[in-house]
Amino acid sequence: MKVLWINNDGGGFADYVEVVPGTTVKQFFEERLPGRKPEDYLIRVNRQHVASDCALQEGDRVSMTPTKIEGAA
Amino acid sequence: MCDKTSVKVANLVLQALHAHREGYDPQAGPRRSATTSLEEVLALCRKIDKCANRLPLARASLERELADAASHCRVNLECLAMRRRRRRFPSMRELVGELEALRAEFGGWSFEPKEESLSVATEPVELEGVPLGPFRIRLDLKRLPFMETRPVYKVIALEPNPPAWNKSITHPHVRNDLLCEGGANSAIETALIEGRLHDFFLLVAAVLRNYNRASPFARLESWDGVPCADCGNVTAEEDRYTCQSCEQEFCDGCSSACKECDTVACLSCLSRCQGCGGSVCGDCLKACRACGEAYCESCLEKGVCDSCREDSHEMEKTEAEEPAA
């Protein structure tokens, strides 16, 4: 199935990606951002807070935004 | 639930995005960024090749710079590729959904009809024990079509706590209400172009919640400033000087440099040369062997000041002219 993945870490790209049905939010995060900690990100499905064990559905919109980003001068 | 204001705001955003596309060159900005960052990577590679194995420390430092530059270049190249794809505008329903998400995330949003600005407020921000207060992030919808060339949003401190020495800085990365986005630059621009309002405000808030000590407008460590040990004026770190003699910190007006050795010292630790009047440190101040007055080395010749040398010549001349007794 396909979900819209918005990765706001880096370039901020949005794209449809293939996901195995039944994939949870936690699993999806680990696939897309391996080695990163979920607590360092705001993860929203269809713009809402969801539990990490929530299974994704066809057409879901999943965004991942770092909670802290380095500014500059 | 969809209210009239939400529909109005969504409509304005959609109009602005369409107007942006009319004048938008999808290649200009991203291509420039990608080219610049690629040139930086190549320049660093050339520098590393020059170092070879002769300068291991310099090479190690350059290799770290190269890793950062390469990462930045990758993001810019991806951005360039992404911009070539056909652009899709959000629907009205999606934009209203964005506004509902803002309400849930930030506890509400406000719209100023005259300015056509959309705002949210963050929670009070505190970084490394310095309270900076909450901030309003105000997006000017009228400016969205020109986002590549003009700032389209402001970050306004609601309970400002600027450094003692510069009122225009309200956050280490905010000056004159403008945020220096740093690592969030591409993501913020992309979110705005795609009408992802929720992501845009989240990204700006994420920068406000973080302190990048490598590149702030003002360092948190000296946010309260340090008073000059002489006059008491509070100054920025870069405007302070440490006296090499007494090791206290002074402002520009209460310190100077020795004219002989350029050592920085406070006005109390510097002395005046009796000859030229210049400021001289204790190490460079010498006593004339004849009169004992203090002079800089430039005003002494063989340890004797000009005045005593003249007196000595006069005496020799007078003795030479007197007839032998």
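First the proteins, then the strands, lettered A, B, ... as listed; each starts at 1.
At most 12 non-hydrogen atoms from other residues, nucleotides or ligands lie less than 6.0 angstrom from CZ of B/R136.
For a residue to count as touching a neighbouring chain, one of its non-hydrogen atoms must lie under 4.5 Å from one of that chain's; by this rule A/S63 touches chain B with the side chain only. In this structure, no portion of A/Q48 lies under 4.5 Å from any heavy atom of chain B.
A pairwise comparison of heavy atoms in B/G182 and A/A72 identifies CA-CB, 3.9 Å as the closest pair. Scanning both residues, A/G71 and B/H173, for their nearest heavy atoms gives C-ND1, 3.6 Å. In terms of heavy atoms, A/R47 sits closest to B/E94 at NH2-O, 3.5 Å.
Of the residues considered (A/N46, A/L42, A/D9, A/I6), A/I6 shows the highest number of contacts with chain B, using heavy-atom pairs under 4.5 Å. Note on B/A206, B/G183, B/P172: by heavy-atom pairs under 4.5 Å with chain A, the leading option is B/A206. Annotation: maximal heavy-atom pairing with chain A below 4.5 Å, among B/C180, B/A101, B/A191, occurs at B/C180. Of the residues considered (B/E181, B/E98, B/H171, B/E105), B/E98 shows the highest number of contacts with chain A, using heavy-atom pairs under 4.5 Å. Contact count against chain A (heavy-atom pairs under 4.5 Å) is highest for B/A187 among B/A104, B/A214, B/A187.
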Ignoring hydrogens and angles, write down the donor-acceptor pairs under 3.5 Å from the side chains of residues 25-35 of chain A, residues two or more places apart or on other chains.
residue: A/K26; atom: NZ; partner: A/E30; partner atom: OE2; Å: 3.3
residue: A/Q27; atom: OE1; partner: A/T24; partner atom: N; Å: 2.9
residue: A/Q27; atom: OE1; partner: A/T24; partner atom: OG1; Å: 3.3

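Using a 4.5 Å cut-off on side-chain heavy atoms (C-beta onward), B/L202 and A/N8 make no contact.
Of residues 215-223 of chain B, those residues with a non-hydrogen atom less than 4.5 Å from any non-hydrogen atom of chain A are, in numerical order, B/S215, B/P216, B/F217.
For the atom pair CZ (B/R196) and OG1 (A/T65), the distance works out to 8.0 Å, reported to the nearest 0.5 Å. One finds the CG atom of B/N210 at 8.5 Å from the CD1 atom of A/I69 (value rounded to the nearest 0.5 Å).
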